[in-house]
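Below you'll find the structure, written out as structure tokens, and then a few comments.
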Amino acid sequence: MSYRRRDFYPYFEDLDAKRQRIQAEESPSASEHEKDPDDEWNQKFFELMLYKTNHGNIYVRHTDKEHEDLYEWIKEQREEYRKFKQNPSSSILTEDRVKVLRGLQFSFGVRND
């Protein structure tokens, strides 16, 4: 399946608004458990997009100490995809998230994905 950049514009516009809201709400006093999981996912997705812009790919190495958190998030997305394929309600991934990750040529590491 081929995705065009325009397929992602509405999603990116929504993500940009969320990212701005996250930045406005973040403060040193905010605790981790108060953060919205959707906002955290979107933030990591933006980091992945930035990584691709800077490096030309999304292949974050496990030895890359600068992007260690991003590497762990990528591993988590692969595990969540396995859950999603078995039972979509058991995963943090949604059809939209899978679609935008595939748009970045994300490899879920699962055959027949």
Side-chain angles (χ1 to χ4, degrees):
M1 183 180 288
S2 175
Y3 298 104
R4 293 179 294 274
R5 183 176 291 263
R6 68 184 164 110
D7 293 335
F8 300 103
Y9 285 151
Y11 189 79
F12 289 141
E13 289 171 6
D14 189 38
L15 287 177
D16 190 44
K18 280 189 170 186
R19 182 174 53 88
Q20 289 173 359
R21 183 173 51 81
I22 291 169
Q23 289 173 340
E25 291 175 354
E26 282 186 348
S27 68
S29 63
S31 66
E32 283 296 314
H33 68 277
E34 293 174 355
K35 293 184 180 180
D36 182 352
D38 288 339
D39 292 341
E40 291 179 24
W41 192 94
N42 292 336
Q43 185 65 34
K44 284 297 183 187
F45 180 74
F46 273 112
E47 286 180 35
L48 185 61
M49 286 177 30
L50 183 61
Y51 186 92
K52 183 172 184 173
T53 299
N54 292 334
H55 296 89
N57 61 59
I58 58 170
Y59 306 115
V60 181
R61 296 183 173 271
H62 69 280
T63 55
D64 184 350
K65 296 300 180 192
E66 183 180 350
H67 299 100
E68 195 170 8
D69 290 343
L70 187 57
Y71 174 79
E72 291 298 324
W73 182 81
I74 289 170
K75 281 182 17 181
E76 182 182 323
Q77 299 318 296
R78 290 183 176 132
E79 181 59 35
E80 289 296 325
Y81 184 73
R82 287 179 188 91
K83 291 180 192 177
F84 180 79
K85 293 300 280 183
Q86 292 176 352
N87 179 6
S89 65
S90 70
S91 174
I92 62 168
L93 286 180
T94 63
E95 287 290 340
D96 288 339
R97 287 179 175 179
V98 170
K99 183 177 179 179
V100 295
L101 285 169
R102 283 187 173 147
L104 290 179
Q105 285 78 46
F106 188 90
S107 172
F108 289 99
V110 178
R111 292 181 189 226
N112 300 322
D113 65 341

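When reading the values below, keep in mind they use all heavy atoms of this one structure, side chains included, and skip hydrogens, waters and symmetry mates. Only a predicted model underlies this, so the values are computations on that prediction, with no experimental measurement involved.
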>> Checking H62 now: which residues fulfil ring pair (Phe, Tyr, Trp, His ring centres under 6.0 Å) with it, not counting sequence neighbours?
In response: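 Here no residue qualifies.
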>> I'd like to check the ring pair (Phe, Tyr, Trp, His ring centres under 6.0 Å) partners of F84; sequence neighbours left out, ordered by chain and number.
In response: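 With neighbours one apart ignored, the set is empty.
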> Is F45 linked to Y59 within one hydrophobic cluster, defined over Ile, Leu, Val, Met, Phe, Trp and Tyr using a side-chain heavy-atom separation of less than 4.5 Å?
Replying inline: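 No; tracing contacts between hydrophobic side chains, which count when under 4.5 Å, never links both residues.
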> Can you get from L50 to W41 by hopping between Ile, Leu, Val, Met, Phe, Trp and Tyr side chains that sit under 4.5 Å apart?
Replying inline: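 No.
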>> According to side chain to side chain donor-acceptor pair (under 3.5 Å), who are the partners of T63, at least two apart in sequence or on a separate chain?
In response: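 For T63, no residue satisfies side chain to side chain donor-acceptor pair (under 3.5 Å) once neighbours in sequence are set aside.
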>> Going by the rule side chain to side chain donor-acceptor pair (under 3.5 Å), which residues pair with Q105 if we only count those two or more places apart in sequence or in a different chain?
In response: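 Residues passing side chain to side chain donor-acceptor pair (under 3.5 Å) with Q105: K52.
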> Between the main-chain N or O of I92 and the side-chain N or O of R97, is there a donor-acceptor pair closer than 3.5 Å?
Replying inline: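 Pair found, side chain donor or acceptor close to backbone of I92.
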> Would you find a donor on one side and an acceptor on the other, under 3.5 Å apart, between the side chain of R102 and the backbone of F108?
Replying inline: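 Such a contact is absent between R102 side chain and F108 backbone.
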>> How close do S90 and E80 get, counting heavy atoms only, and between which atoms?
In response: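 S90 and E80 have their closest heavy atoms at O-OE1, 4.3 Å.
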> Minimum heavy-atom separation for I58 to L104, with atom names?
Replying inline: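 Reported closest heavy-atom pair: CD1-O, 3.4 Å.
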Quick one: pull up [atom1] in [X] and [atom2] in [Y] and give me the separation to the nearest 0.5 Å.
X   : Y   : atom1 : atom2 : answer
R78 : W73 : CZ    : CH2   : 10.5 Å
I74 : H67 : CD1   : NE2   : 10.0 Å
L93 : E76 : CG    : CD    : 8.5 Å
Y71 : D64 : OH    : CG    : 11.0 Å
Q77 : S91 : CD    : OG    : 8.0 Å

>> Just to verify, what does E79 make a salt bridge (charged side-chain N to carboxylate O under 4.0 Å, His left out) with, not counting sequence neighbours?
In response: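 Counting only residues at least two positions away or on another chain, E79 forms a salt bridge (charged side-chain N to carboxylate O under 4.0 Å, His left out) with R82.
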> In chain order, what residues pass the salt bridge (charged side-chain N to carboxylate O under 4.0 Å, His left out) check against E47, with sequence neighbours excluded?
Replying inline: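 So E47 forms a salt bridge (charged side-chain N to carboxylate O under 4.0 Å, His left out) with K44.
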> L48 versus F106: any side-chain heavy-atom pair under 4.5 Å?
Replying inline: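 Result yes, sub-4.5 Å side-chain heavy-atom pair found.
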>> Ring centres under 6.0 Å, that's the criterion: do Y51 and H55 meet it?
In response: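 Yes: the rings meet the under 6.0 Å criterion.
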